[in-house]
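Single-structure report; data block below.
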Amino acid sequence: MKQLIDLLKATPIERMEGNSQVRIIDVTADSRAVETGSLFFCLRGEHVDGHNFANMAAENGAAAIIAEKKIDVASDVTIIYVADTRKAMEDIVPYFFDYPSKKMRMIALTGTNGKTTTTHVISHILHHVGYKTGVIGTVHALIGDKEIPTHNTTPDVIDLQRILYQMLKENVTHVCMEVSSHSLVMGRVIGCEFDTAVFTNLTEDHLDYHKTMDNYAKAKSILFKMVSDKDQIKDGKSAWINSDDPYAAVMSNAISDPDFCQVSTYGFNGNPDLKASDVHFSGKSSSFKIQLGEKRYVIKTKLIGRFNVYNVMAAIGAALSEGVDIKDIQAALSDFVSVAGRFELIEEGQSFSVVVDYAHTPDGLEKILTTAKEIAKGRLITCFGCGGDRDKLKRPIMGRIAANYSDVVVITSDNPRTEDPEEIIREIAAGVQDISQHKSNLLYKTVTDRRAAIQYALSIAHNQDIVLIAGKGHEDYQILKDKTVHFDDREEVRKALRG
């Protein structure tokens with residue numbers, strides 16, 4: 001709870017109508033969430049203008065409203081006019097919650113793929129040595145083992161600061177957080193002070209929003225500017241960058257002060273600070289060596305695949321920067337199992353393997369297919385689709401990738417949203433057909449209903465085949481044109497296998 005007059009010191013205002021001494025008990029940009037004593041921000045969105053809901057906010061008990069344009073509400077509600085309500089929200093909200101990120105260690109992960117797995121691995125390592133961790137990301141937010149649902153990879157500034165404040169109250173010492181390109185561009189992480197920043201990789205995704213890969217990379221690089229900004233209260237800043245990625249230099253060049261923020265690299269090639277070699281995979285585990293300075297260490301993990309070696313290296317780097325001893329890191333990695341929907345094996349006593357994975361980008365799909373191909377003793381059957389209202393250019397690309405690596409491809413619906421699912425399937429199928437002209441033994445089938453597609457893929461699997469269900473992973477819903485329905489690939493697989 002804070003006085004309005006104190007909150008307004010955090011942002012420039014144009015004029016105010018009403019009492020500046022009112023007490024503010026909460027902040028929100030959702031008029032439905034307003035309680036007596038709330039401060040309401042009238043945000044202009046792409047489809048909705050919050051100014052149109054100012055009266056509803058007042059009726060629900062708002063003590064004050066921040067607006068850009070004239071609003072007429074009850075005379076007992078204080079109105080503050082500003083040039084930009086979103087900027088005012090970004091200034092005021094972290095101050096309202098007392099900047100919780102400045103009182104915990106904040107480890108931020110950005111990149112196209114690998115963020116979720118890596119944040120969970122880092123959290124597992126830190127928990128192993130006795131820290132209480134929080135995780136914020138695609139799957140959920142966690143305080144210890146307690147789950148808090150989230151709607152975006154990185155929540156908006158109000159939700160994020162509220163979650164961080166709750167974590168601080170519950171004695172979290174380290175927060176492992178996925179930071180999306182959207183959140184960096186849209187200011188969702190304004191007011192956060194990060195301590196360790198990690199770049200996983202950059203591959204084609206979200207080009208419907210960013211338009212070009214260079215814009216996408218520039219958006220990701222904002223995190224590295226933030227972590228290296230000298231105007232921060234905590235010391236011990238570090239950055240870990242995947243030096244094998246073509247966009248590594250964009251991230252490292254964004255470091256504003258390399259003396260203030262230690263920059264380190266990891267990878268397989270050249271001479272990174274943390275280098276992997278001698279990689280060996282089995283069906284259920286991986287082992288490899290890392291070179292750190294003049295010393296080498298053996299890493300064993302239940303995570304499978306070359307892409308997970310990168311994820312583990314990123315986690316090792318972040319843990320080292322947080323002061324964890326390499327022997328503790330080795331011990332923690334040996335008993336980390338998996339993250340929901342990330343190369344998740346589904347076992348119901350069947351004679352073939354079934355893997356559910358979130359891969360929904362060309363690079364992500366290629367990485368899991370490469371891994372599956374390396375461990376497959378039989379055929380590789382891939383069932384996947386592409387989301388609607390998202391980057392259309394990747395659909396035929398993903399079709400070609402699936403066809404290149406698979407023996408059987410089943411194309412189905414993902415989250416079609418407002419698009420026709422059959423049209424999306426046709427665009428994917430065009431890529432599959434490009435490969436099928438030269439790969440005579442490739443079988444492919446289109447099944448629009450995702451449940452039926454999964455059932456079909458499982459029904460044709462034989463002993464030692466691998467069935468890969470890709471695209472949705474941990475998600476337990478499907479977004480259709482007019483509604484969102486419950487749908488979980490893992491549940492559907494188990495139902496089908498149990499008969």
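Since the model is a prediction, treat every value here as computed from it, not as a measurement.
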Handout entry: H474 ring center near Y358 ring center (under 6.0 Å)
Key = yes
Practice task
Identify whether the distance between the nearest side-chain nitrogen and carboxylate oxygen of R494 and E491 falls below 4.0 Å.
Solution key: no
Exercise for the section: Using a strict 4.0 Å threshold on nitrogen-to-oxygen distance, state whether R490 and D488 make a salt bridge. Expected result: yes
Exercise for the section: If the plane angle is over 60° it's perpendicular, under 30° parallel, otherwise tilted; pick one for Y131 and H174. Expected result: tilted
Practice task
For atom NZ of K439, decide whether the heavy atoms of other residues, nucleotides or ligands shown that lie under 6.0 angstrom number more than 12.
Solution key: yes
Exercise for the section: Could you tell me whether the side chains of D273 and T265 share a donor-acceptor contact shorter than 3.5 Å? Expected result: yes
Exercise for the section: State whether the number of non-hydrogen atoms from other residues, nucleotides or ligands found under 6.0 Å of D145 atom CG is greater than 12. Expected result: no
Exercise for the section: Would you check if D357 and I469 make a side-chain contact, meaning some heavy-atom pair closer than 4.5 Å? Expected result: no
Practice task
Verify the neighbour count for atom CG of D278: are there more than 12 heavy atoms of other residues, nucleotides or ligands below 6.0 Å?
Solution key: yes
Problem - Residue K234 excluded, over 12 heavy atoms near NZ under 6.0 Å - result: yes
Handout entry: Over 12 foreign heavy atoms within 6.0 Å of CD, Q291
Key = yes
Handout entry: Pair E475-N415, side-chain donor/acceptor within less than 3.5 Å
Key = yes
Problem - pair R296-S277: side-chain heavy atoms closer than 4.5 Å - result: yes
Practice task
Answer yes or no for K302 and F336: cation-pi contact, defined as NZ/CZ to six-membered ring centre under 6.0 Å and angle to ring axis within 45°.
Solution key: no
Exercise for the section: Side-chain contact test, heavy atoms from C-beta onward, threshold under 4.5 Å: evaluate it for L497 versus L458 and give yes or no. Expected result: yes
Practice task
State whether the number of non-hydrogen atoms from other residues, nucleotides or ligands found under 6.0 Å of N441 atom CG is greater than 12.
Solution key: yes
Handout entry: Check: Y310 ring centre within less than 6.0 Å of F268 ring centre
Key = yes
Handout entry: Donor on one side chain, acceptor on other, S321 and Q262, under 3.5 Å
Key = no
Handout entry: Charged N-O contact under 4.0 Å between K373 and D407
Key = yes
Problem - H127 ring center near H120 ring center (under 6.0 Å) - result: no
Completion exercise
Interatomic distance, CH2@W240 vs OH@Y266, rounded to 0.5 Å, equals 10.0 Å
